[in-house]
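Working notes, structure below.
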Amino acid sequence: MDKRILLIISGGIAAYKALFLIRVLSKRGIATRVILTRGGAEFVTPLSAGALSGDTVYGDLWNLTDEAEMGHIELSRSADLVVVAPATADIMAKAAHGIANDLATTTLLATDKRVMFVPAMNVRMWEAPATQRNIETLRQDGSLIIGPDAGAMACGEFGEGRMSEPEDIADAIEHALAGHTTLDALRGPKPLLGKHALVTAGPTREAIDPVRYLSNHSSGKQGYAIAKNLQALGAKVTLVSGPVSIDAPLGVNLVKVETAQDMLSACQAALPADVFVSVAAVADWRPSVTADKKIKKGQSGLPPLILEENPDILKTLSNLKVGRPKLVVGFAAETNDVAAHAQAKRLKKGCDWIVANDVSGDVMGGDHNTMIVIDAKGAETWPRLTKMDAAQKLALKIAERL
Ligand code: C5P
């Protein structure tokens, strides 16, 4: 499991649902490490939390053995996301005010990771002005809040205050682990239902011989994020991807390719599409011959590397006479005069929009991007965002246009 959350189970009757959450997350390949507060331990046992998570359950700040094995600071940093479920009014009040008087609250104050609170309490406690003030403070501090749901409650009353269901919490956790800083896209409407989106991503590889190739540093992160966000808005998505080391987003139809020529064929085979988003960093050239055996060193000097041009996938699909996607979006990686070069590229390729990014920094392979979206009318510069948030903004703009 390559992602881990730190789950703080605080004292509420919904604590039993936190045990289900551990199971659901583990099925989705997400590991859980548990802190059980004193209140939490009144509802579920360290034994069940430990058996389900397959890890030590931490409970008391002053436990010398635990503190020697993993200090509370280390514990707070050992996960990709901290989740408090159930989050009682008490633990949220403490977190909102920076009170740190046990392991859970100390961890919340010490963490450098995003925190997600999953409130669960009686409806009156939830509606109390103090709780609402604290929730607002936590939100402003960058925490994510999921739920509470409305319905019948264990205390016999009815209203808002029930903890969200484990599957919904797991969706929100996956969403946050993917780099989103809000949960908006999860809850929103599905304006792209019935639409087909074709997205290319990653680099291509052009073989020199069976062991060597020409390629580039594209990680595929931006294209995968766009595919996922189009899918979140209800689109059926075909993602044609060159070789990358990231996992395909769930629910997206992934077509793996190696070369630019294969990528073009896969795109043509995937048509018709309502929108084509060409994010892939396609190799401009390929060796004009690929040796069928490994080229030996030093036999007759340096081997000649003669290149020929690859097909331009974006240009080809933009200029289709029949079956051109209604909206064609290209990407332009530039290092200088970004907007001017990108506008020229839009016209040259014949696409509707060009998304320009300045790749002079750490965009390639990094987690952030600053996009300039260019259409026939002009340019719109977006702030520096995570690739996931930038992808969401672009997907929403696409949905608006379609
Ligand atoms: O020409 P340049 O590579 O700068 O253009 C970038 C845009 O064109 C990107 O959208 C990229 O996916 C697309 N492209 C393509 N086929 C190529 C080269 C680039 O689809 N052979």
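Counting starts at 1 for both ligands and their atoms, following the listed order. Any value given below was found using the heavy atoms of this structure, including those in side chains, with hydrogens, waters and symmetry copies removed. All figures in this text were calculated on a predicted structure; none of them were measured in a lab.
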Separation of Glu42 CD from Leu36 CG (nearest 0.5 Å):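 With rounding to 0.5 Å, CG (Leu36) is 9.5 Å from CD (Glu42).
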Distance check, rounded to the nearest 0.5 Å: Ile313 atom CD1 versus Ser318 atom OG?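 If we round to the nearest 0.5 Å, Ile313:CD1 and Ser318:OG are 11.5 Å apart.
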List ligand 1's nitrogen or oxygen atoms that come under 3.5 Å of a protein nitrogen or oxygen, with the partner atom and distance.
residue: ligand 1; atom: 1 (O); partner: Lys349; partner atom: NZ; Å: 2.9
residue: ligand 1; atom: 4 (O); partner: Lys345; partner atom: NZ; Å: 2.3
residue: ligand 1; atom: 5 (O); partner: Lys349; partner atom: NZ; Å: 3.2
residue: ligand 1; atom: 8 (O); partner: Lys349; partner atom: NZ; Å: 3.2
residue: ligand 1; atom: 10 (O); partner: Ser278; partner atom: O; Å: 2.6
residue: ligand 1; atom: 10 (O); partner: Ser278; partner atom: OG; Å: 3.2
residue: ligand 1; atom: 10 (O); partner: Phe331; partner atom: N; Å: 2.8
residue: ligand 1; atom: 10 (O); partner: Phe331; partner atom: O; Å: 3.2
residue: ligand 1; atom: 12 (O); partner: Ser278; partner atom: O; Å: 3.2
residue: ligand 1; atom: 12 (O); partner: Ser278; partner atom: OG; Å: 2.7
residue: ligand 1; atom: 12 (O); partner: Ala280; partner atom: O; Å: 2.6
residue: ligand 1; atom: 16 (N); partner: Ile313; partner atom: N; Å: 3.0
residue: ligand 1; atom: 20 (O); partner: Ile313; partner atom: N; Å: 3.3
residue: ligand 1; atom: 20 (O); partner: Leu314; partner atom: N; Å: 2.8
residue: ligand 1; atom: 21 (N); partner: Pro311; partner atom: O; Å: 2.8

Tell me whether Lys397 forms a cation-pi arrangement with Trp353, defined as NZ or CZ under 6.0 Å from the six-membered ring centre and within 45 degrees of its axis.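 Yes - Lys397 lies over the ring of Trp353, closer than 6.0 Å to its centre and within 45° of its axis.
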Between Lys349 and Asp312, does at least one N-O distance fall below 4.0 Å, as a salt bridge requires?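 Yes.
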Arg114 side-chain N/O to Gly142 backbone N/O, donor-acceptor pair under 3.5 Å: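 Pair found, side chain donor or acceptor close to backbone of Gly142.
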Those residues that, when tested against Ile295, pass side-chain contact (heavy atoms from CB on, under 4.5 Å) (two or more places apart):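 Ile295: side-chain contact (heavy atoms from CB on, under 4.5 Å) contacts with Ile208, Asp209, Arg212, Ala291, Pro303.
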